[in-house]
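Shown next, in structure tokens, is the structure this report addresses.
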Amino acid sequence: MTESANAAGGVSPGTVYNLVFVPGDGIGPEVIAAGRRVLEAAGGIFAFGFDWREVLIGGVAIDAYGVPMRKQDLGACNDADAVYFGAIGDPRFDDPKAKVRPEQALLALRQGLGLYANLRPVTIQSVLRASSPVRESLLDGVDMLIVRELTGGLYFGQPSEQRETPAGREAVDTLTYTEHEIRRVVKLAFELARGRRKKLTSVDKANVLSSSRLWRTVVEETKVDYPDVTVEHRLVDACAMTLIQRPAAFDVLVTENLFGDILSDEASVLAGSLGMLPSASIGEKRTAHGLHGLYEPIHGSAPDIAGKDIANPLAAILSGAMMLRWSLGQPAAAEAIERAVTAVLTDGYRTPDLLAATGDATGLRPVGTQVMGDAVVAALQDVSHVGATR
Ligand code: IPM
Ligand code: MG
């Protein structure tokens with residue numbers, strides 16, 4: 001079994017990957033612990049291993065070191081084969097006057113590692129259709145990939161500050177995009193669309209924003225190289241509506257940083273819970289095994305449910321699968337994890353977020369974070385066995 005698995009992965013047996021893991025704040029440590037157990041189990045089956053290095057980033061780093069991320073920890077993330085990330089954010093730093101905030105570290109990490117593209121796949125597990133507040137018939141055929149620009153736009157533009165003026169306080173944020181920043185993420189989105197249903201939706205606000213008009217122009221210029229891909233432009237407000245009205249209409253969506261942040265949370269409603277959606281952040285840098293990248297659930301640190309063993313670990317677990325595929329050259333193991341997740345959901349395992357909308361839990365198994373993780377580990381043995389004997 002091991003040999004065939006590795007042949008599929010194209011990596012020599014016994015490879016040990018150097019990974020940094022960042023538990024972070026809130027529910028981060030819980031979901032990442034479950035994810036690590038699943039990755040270890042996959043390594044056991046597919047004959048690879050991990051050398052894990054824990055790094056404190058976020059509120060926990062402010063507590064330990066006084067800064068949300070130390071320089072050497074950014075260095076460790078840069079040197080690793082990939083970064084496996086929980087979540088950061090802590091209400092103790094919500095005070096608008098706070099000088100240091102956990103989120104600054106995540107932005108510095110994305111920028112420092114050159115992770116300009118954030119891939120957020122939105123797929124619907126058919127057994128979870130009832131968990132979505134969206135009518136089930138609208139969910140047929142929903143399978144989209146949101147490509148969010150991650151190191152530009154309002155998140156990074158300068159100046160970004162509050163200041164005193166004779167007329168009172170004012171605040172400014174700056175939305176800048178260079179042609180280069182737009183082109184590289186748009187090209188990647190075209191490439192990804194080419195490997196899927198060949199449809200690209202570019203989302204902007206070109207009726208108002210200059211940066212969006214440049215964005216649209218660059219998409220038009222780039223499409224010449226991808227005659228096989230159908231392109232459409234949508235304004236972000238109308239797109240937000242269509243995402244709920246006709247979600248199956250989308251294949252690949254590409255958009256700037258803030259629009260992508262908002263639309264991806266919206267799209268998670270289709271999947272039944274924010275706790276289901278994984279993400280991969282990648283850039284140009286390659287390692288011996290694949291693209292360097294950072295893998296994190298799209299959800300935040302959810303401080304209100306932290307430490308209670310009730311958070312859904314599946315987004316973190318599925319982020320681990322994306323890491324195996326994009327950064328570690330282990331597509332067979334990635335697929336096995338994805339199938340194991342489907343298997344546990346089919347078996348009725350549900351964390352509270354997935355039960356919320358269902359109302360009726362008959363035949364379902366309400367579980368916590370760690371039991372859900374254990375269930376995926378157990379299912380992994382089964383699906384890998386089936387895969388090997390096929
Ligand atoms: C996300 C999050 C982050 C973002 C926050 C935590 C800074 O919402 O990854 O979507 O806005 O990018
Ligand atoms: Mg977000």
Side-chain angles (χ1 to χ4, degrees), residues 22-29 31-32 35 56-62 67-69 74 77 83-96 98 100-122 144-157 160 173-175 177 181 185 203 236 239-240 243 253-271 273-283 293-306 311-312 315-316 318-319 322-323 353:
V22 181
D25 305 317
I27 59 171
V31 297
I32 217 72
L56 295 186
I57 293 178
V60 283
I62 299 177
V67 289
M69 178 171 64
L74 173 61
C77 292
V83 181
Y84 190 44
F85 196 96
I88 62 179
D90 185 326
R92 288 182 301 139
F93 306 98
D94 278 352
D95 177 356
V100 285
R101 290 188 313 277
E103 290 80 1
Q104 292 163 333
L106 182 55
L107 303 196
L109 193 56
R110 289 168 177 172
Q111 193 174 46
L113 300 180
L115 305 172
Y116 67 81
N118 184 218
L119 314 183
R120 300 188 158 185
V122 182
M144 76 181 92
L145 175 63
I146 298 178
V147 181
R148 168 187 177 194
E149 201 290 326
L150 203 58
T151 51
L154 281 166
Y155 277 61
F156 295 95
S160 168
D173 289 294
T174 304
L175 174 44
Y177 267 108
E181 286 172 321
V185 73
V203 183
V236 63
C239 182
L243 257 181
L253 262 104
V254 64
T255 189
E256 66 91 47
N257 206 342
L258 183 63
F259 296 162
D261 179 46
I262 298 168
L263 292 181
S264 55
D265 271 30
E266 186 192 354
S268 78
V269 173
L270 304 166
S273 166
L274 197 53
M276 288 305 299
L277 293 200
S279 87
S281 302
I282 55 173
L294 179 147
Y295 298 84
E296 55 172 328
I298 83 159
H299 64 67
S301 57
D304 50 323
I305 60 164
N312 183 348
L318 291 168
S319 299
M322 291 188 88
M323 178 167 72
D353 55 312

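Just follow the structure's listing: the first ligand is 1, and inside any ligand the first atom is 1.
D261 contributes atom OD1 as its closest N/O/S atom to the Mg ion (ligand 2).
Of the candidates R110, E103, E296, H299, the one placing a heavy atom closest to atom 12 (O) of ligand 1 is R110. Looking at N118, L107, D261, D265 and measuring to atom 2 (C) of ligand 1, the nearest heavy atom belongs to D261.
Of all non-hydrogen atoms in P278 and P121, the two that sit nearest each other are O-CD, 3.7 Å. Shown here for I88 and A105, the closest heavy-atom pair between the two residues is CD1-CB, 4.3 Å. For L274 against A315, the heavy-atom pair with the smallest separation is O-CB, 4.4 Å. Minimum interatomic distance between F85 and P297 (heavy atoms only, all atoms of both residues): O-CD, 3.3 Å.
Atoms of ligand 1 found under 4.0 Å from any heavy atom of R120, numbered from 1 in the order shown, are 1 (C), 9 (O), 10 (O).
Among all non-hydrogen protein atoms, the one lying nearest atom 11 (O) of ligand 1 is Y155 OH, 2.6 Å.
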Review point. Should S301 and D25 be marked as a side-chain hydrogen bond (donor to acceptor under 3.5 Å, both in side chains) after you check the CA-CA gap, both sets of side-chain angles, and the distance that decides it?
Key: CA-CA 6 Å; S301 57; D25 305 317; 5.7 Å; no

